[in-house]
Amino acid sequence: MQHWDSLGLEGFLSVHPGIRIAELNDDSIALSGRYHLRAQLAGSQLVDKMYQLRVIIPRAYPEKLPQVIDEGRYIPRSQEYHTYTDGSFCLGSEFRIKFILQNNHSLTAFFENIVDRFLYAVTHRIEFGIFPYGELAHGEQGLADDYGEMFGISGKLAVLRALRALGRRKRESNKLTCPCGCGLRLGLCDYRFTLADFRKTARRRWFRQHLKESFKPLEKPKKKSRSTGSTGKKTDSLQLLITPSLSCHPAYHLIGSDHRYSIFLLYSK
Ligand SMILES: [Zn+2]
């Protein structure tokens with residue numbers, strides 16, 4: 001229990017009396033019960049709703065992220081609502097979530113910063129027809145947009161360059177082309193300081209693996225010009241094959257840059 005208490009479990013349970021420990025294993029804990037959210041984003045509707053949730057938190061958290069499941073079956077289990085067929089939520093890209101939690105990963109922080117925002121966005125979509133903050137595309141495009149916003153750059157090429165740089169030691173990455181578009185080597189541009197902040201979020205190996213697993217390398221311009229029509233089609237069908245699991249979250253889209261965000265939460269219990 002000591003381990004879980006270090007994540008603020010006791011405090012979390014006392015603030016959410018409808019939630020109980022459902023299972024306690026060596027490698028995880030499962031919480032289950034009624035979860036109340038009352039929240040409003042400026043310019044959007046009030047959400048006041050009770051959910052029936054199950055949350056499985058791995059012992060390796062925050063390295064491994066929790067799974068949150070809508071046991072009450074309020075949220076349609078479809079991609080459109082960022083919910084898998086087993087009722088678990090697509091809470092956003094692993095990298096975005098780790099970045100949000102890197103200074104505080106208590107259970108309360110996880111709920112306030114990740115789960116509440118998800119529930120608010122999806123409930124708003126169900127009750128009022130729209131996602132209050134827009135949503136990211138699924139798959140690779142969503143990741144590129146998400147990371148571009150975090151890194152302060154835009155376009156897939158820039159994002160790939162940033163991930164590549166983060167996968168190498170600083171000294172080596174300084175020799176690479178800067179992702180910011182300045183045309184210099186990273187080591188000669190102040191953007192290297194911006195990028196260096198993200199080294200705290202994940203290890204170099206994680207960035208290397210992620211780049212390999214989640215992104216197709218950019219096509220060389222030669223190939224593109226040779227068969228524009230068919231290449232476009234090919235890309236579409238390939239993108240459908242990529243699982244949406246990494247990027248489709250509707251709530252994080254504007255988390256980093258939206259000032260309204262600070263007055264998001266009224267109350268949650
Ligand atoms: Zn630069």
Side-chain angles (χ1 to χ4, degrees), residues 62-63 65 92-105 113-114 117 133-226 228 231-232 235 238-239 242 244-262:
E63 184 55 40
L65 296 173
S93 71
E94 183 184 338
F95 184 57
R96 168 75 79 167
I97 294 174
K98 286 183 170 173
F99 180 69
I100 291 169
L101 297 172
Q102 73 182 3
N103 295 320
N104 178 2
H105 63 269
N113 296 304
I114 311 289
R117 271 141 235 243
Y133 348 63
E135 61 183 325
L136 291 167
H138 290 265
E140 195 183 285
Q141 186 59 49
L143 281 182
D145 293 345
D146 195 29
Y147 297 173
E149 191 180 276
M150 292 171 76
F151 294 151
I153 51 182
S154 66
K156 185 180 162 187
L157 174 63
V159 167
L160 291 183
R161 280 179 171 158
L163 290 174
R164 194 192 300 150
L166 288 168
R168 301 195 184 177
R169 288 175 197 280
K170 267 189 198 168
R171 207 186 306 161
E172 292 169 43
S173 71
N174 281 340
K175 295 174 195 157
L176 301 172
T177 305
C178 179
C180 93
C182 62
L184 301 170
R185 290 188 302 135
L186 180 58
L188 296 172
C189 178
D190 281 352
Y191 184 75
R192 70 183 183 279
F193 301 117
T194 305
L195 202 60
D197 280 346
F198 295 95
R199 290 183 179 274
K200 282 178 273 174
T201 309
R203 291 165 180 277
R204 289 196 301 274
R205 195 172 63 178
W206 185 89
F207 287 112
R208 288 199 299 271
Q209 243 171 16
H210 188 46
L211 188 59
K212 215 163 90 183
E213 287 167 2
S214 304
F215 291 91
K216 286 178 300 203
L218 284 176
E219 289 172 73
K220 292 189 177 121
K222 256 187 192 172
K223 261 188 181 173
K224 237 183 193 172
S225 60
R226 215 188 287 160
T228 323
T231 318
T235 312
L238 271 175
Q239 272 181 345
I242 296 169
S245 63
L246 290 167
S247 67
C248 65
H249 197 281
Y252 301 146
H253 193 197
L254 295 171
I255 263 184
S257 54
D258 189 0
H259 297 297
R260 293 176 305 168
Y261 175 75
S262 57

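Only this structure's heavy atoms are used, side chains among them; waters, hydrogens and symmetry mates stay out. Counting convention: from 1, in listed order, for ligands and their atoms alike. Bear in mind the structure is a predicted one, so any value in this text is a computation, not a measurement.
Below 30°, between 30° and 60°, or above 60°: for Phe198 and Phe95 the angle between ring planes is between 30° and 60°, a tilted geometry.
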Could you walk me through whether Leu163 and Arg208 pass side-chain contact (heavy atoms from CB on, under 4.5 Å), step by step? CA-CA 7 Å; Leu163 290 174; Arg208 288 199 299 271; over 6 Å; no

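Counting only residues at least two apart or on different chains, the side-chain hydrogen bond (donor to acceptor under 3.5 Å, both in side chains) pairs with a member in residues 164-191 are Ser173-Arg199.
With waters left out, the protein N, O or S atoms under 2.8 Å from the Zn ion (ligand 1) add up to 4.
How far CD1 of Ile114 is from NZ of Lys98: 12.0 Å, rounded to the nearest 0.5 Å.
Residues passing the side chain to side chain contact (heavy atoms under 4.5 Å, CB included) test with Asp197, sequence neighbours excluded: Lys200.
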For residues 150-159, dump all side-chain donor-acceptor pairs below 3.5 Å to protein atoms at least two apart in sequence or in another chain.
unit_1: Lys156; atom_1: NZ; unit_2: Glu140; atom_2: OE2; d: 2.6
unit_1: Lys156; atom_1: NZ; unit_2: Lys216; atom_2: O; d: 2.9

